[in-house]
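Reckoned from all heavy atoms, side chains included, excluding hydrogens, waters and symmetry mates. Proteins get letters first, then strands, A, B, ... in listed order; numbering begins at 1 in each.
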Amino acid sequence: MSYEFLDHTADVKFVVDAASLEDAFSDAALATFEIITDIEKVEGKVEKKIHVESERKRTLLYDFLNELVYLVDTEGWLLHNVEKMSITRDGDRFILDAALVGDSGDYEILTQIKSVTYSDMEIKEGDNNTILTVVHDI
Amino acid sequence: MKYINIVPKKLNEYSYIVEKQGDMKVPLKIFANEKLLAKMLEDRCIMQGINVAALPGIQGYSIMMPDAHQGYGFSIGGVAALDTKEGCISPGGIGFDINCGVRLLATNLMKEDVQPKVREILDRLFEYVPPGVGAKSTTRLDHKEIKEVLKKGAKWCVEKGYGNEDDLENCEENGCIEEADPSLVSDKSRGRGMGQLGTLGSGNHFIEIQYVDNIHNKEIGETFGLKEGQVVILIHCGSRGLGHQTCSDYLRKMEDKYPEIIELLPEKDLVYAPANDPLSQEYFKAMCAAANFAWANRHMIGHQTRKAFTEIFGDEVTVDTVYDVAHNIAKKEMHTIEGVEKEVWVHRKGATRAFGPGRKEIPAKYQKSGQPIFIPGSMGTSSYVLAGTQKAMQESFGSTAHGAGRLMSRKKANELWNGEDLKKELEGQNIIVKAASVRGITEEAPLAYKDVDDVVDVSDKAGIGIIVAQLKPMGVVKG
């Protein structure tokens, strides 16, 4: 895991530094759930598959994280780990397929996330790493 | 956009101005004293107020309230009136938590009656008003019912036997904006809302048992039914996941439709739909539906609170709604701008409507006093009741502040304080806190917020909200 939480007056901001775009998206998912709960305690019992398509990488990230918030709100599902993450390009679209494991149970909820935001959102792809910045409205 | 000088110029002790320059279509007016302004200059909020001044169809001024701090697109504490014909509507000018707001309930109990039973009340409230993650609401809705809630707002609750007509009478818009169109709220948004009616959420949302510590304006206090020593309950929450998803959906729609607008914007969360595009109407009607959900939500929480008090104190106890105000919303309103009556979408993002005497939108019993306004403080500090003014109609499109305004990041608050210690410290001041998580207490530490006393003082002195009463907390339920 390679993410770090930064100071943000009203909400929660984190930056991910990972080896690839896929790893960066996986870490962004883990960072998101670290805001919500103690992810160490969540069991990997229930698998969730997520499929998102978008024209831009930034909106792909937004929509992916938003799917996670949706799972929390509707099923109380929390992430344990990212089992698979694939991001491919099909013409002018990016396609994300992820397999996640987690659980819907009686875990302590530290904070609920209202929404992913575009504020300060950044995806910087270098030769050897990818840096993502995300702010969640909580 | 280049700005030579964004240092605001002092107009008087309580307001500042940034003159029109660059792409700005109107000046930026900031309600603040020196201390609050100095805090604003520490983050990007003033730049955000300047960006708002460049939106198409903005009227008069871009306005910032004394509790303003950095937000998304608009600052929190930002107000803008945008022409409904030639302007635009911006989801970022409303916020993700559509119709986040505050409801005040007044009881016929006194502080001494309630003090010994605060823990019992908090336990009961905690049971009846869950924080609401997953499907834990006691009122789970199906697809048909949620559409009815979106259309009818708090009226739906009364039809189902929750709460009463007085609750509706004493609520902004009577708890229902009729322009709401539930079909414009996505399945996904509705899915998030189905299990969340009557739930509190987390972050800075709370139910607080308070007493009236001080009446500043006796006449208006009487009109609002408040007297010293009386116990009141303040409820702060919004439209939950349903509203958050609605904002998100329309931000994405606008982004997809207007890539050229978004490329030029200094912040992507400032994206908007021009008034002449049907998308602006669609968003407005979807936002109204989400706002109705929020009113139904606070109404249900009010009902559950009444139930808890009645069970503990018996049938003689009365728990009446004083009023309910939205502080994250855009409203279609008529305002006199440069002598001409004009219809505008008044975006209030972290700002409260402050309509003065005589406005037809406010209940008959508040016609002479102006509408009630509630400004919650941070956990453990005072909250205030204010009244709307004529001056607010001229100065701020009938708007005033909404709260204390955050000062410090949650990260920093977690580094500085320990939740258990803080809880004990508050107990030493006779304030009992019951929270879903200890971290939630730390993050909402009183010192992480601006001084609410300064915020209301500026509102009062600037004339955009008269201080009526000061409320002090006895017990807090935090999501």
> Relative to chain A, which segment of B/E42 carries a heavy atom at a distance below 4.5 Å: side chain, backbone, both, or neither?
Replying inline: neither
>> Between B/G241, B/G71, B/G193, B/S248, who has the most heavy-atom pairs with chain A when the cutoff is under 4.5 Å?
In response: B/S248
> CD1 of A/I39 to OG1 of A/T32: how many Å apart, nearest 0.5 Å?
Replying inline: 9.5 Å
> Which bit of B/V438 comes within less than 4.5 Å of chain A, counting heavy atoms only: side chain, backbone, both or neither?
Replying inline: backbone
> Taking the six-membered ring of B/F126 as reference, does the NZ or CZ atom of B/K434 fall below 6.0 Å from its centre and within a 45° cone about the axis?
Replying inline: yes
> Quick one: does A/D63's side chain have a donor or acceptor within less than 3.5 Å of a partner on A/V52's backbone?
Replying inline: no
> Looking at A/Y70, is B/K188 sitting on its ring face, NZ or CZ under 6.0 Å from the six-membered ring centre and within 45 degrees of the normal?
Replying inline: yes
> Contact part of B/R192 toward chain A, heavy-atom cut-off under 4.5 Å: side chain, backbone, both or neither?
Replying inline: both
>> Counting heavy-atom pairs closer than 4.5 Å to chain A, which one of B/Q245, B/H69, B/K412, B/E443 comes out on top?
In response: B/Q245
>> Is B/R44 close to chain A through its backbone or its side chain, or both, or neither, when contacts mean heavy atoms under 4.5 Å?
In response: side chain
> Donor-acceptor pair, A/E108 side chain versus B/S437 backbone, under 3.5 Å?
Replying inline: no
>> Shorter than 4.5 Å, heavy atoms on both sides: which option in B/Q70, B/R406, B/R439, B/K268 has the most such pairs with chain A?
In response: B/R439
> Of all of A/E55, A/K13, A/R56, which one pairs up most often with chain B through heavy atoms under 4.5 Å apart?
Replying inline: A/R56
> Between A/V116 and chain B, which part of the residue has a heavy atom less than 4.5 Å away: side chain, backbone, both or neither?
Replying inline: backbone
> Side chain, backbone, both or neither: which part of A/D11 has a heavy atom under 4.5 Å from chain B?
Replying inline: both
> Hey, are B/D256 and B/R252 close enough for a salt bridge, meaning a charged N less than 4.0 Å from a carboxylate O?
Replying inline: yes
> At a heavy-atom separation under 4.5 Å, does B/L407 approach chain A through its side chain, its backbone, both, or neither?
Replying inline: backbone
> Contact part of A/T117 toward chain B, heavy-atom cut-off under 4.5 Å: side chain, backbone, both or neither?
Replying inline: both
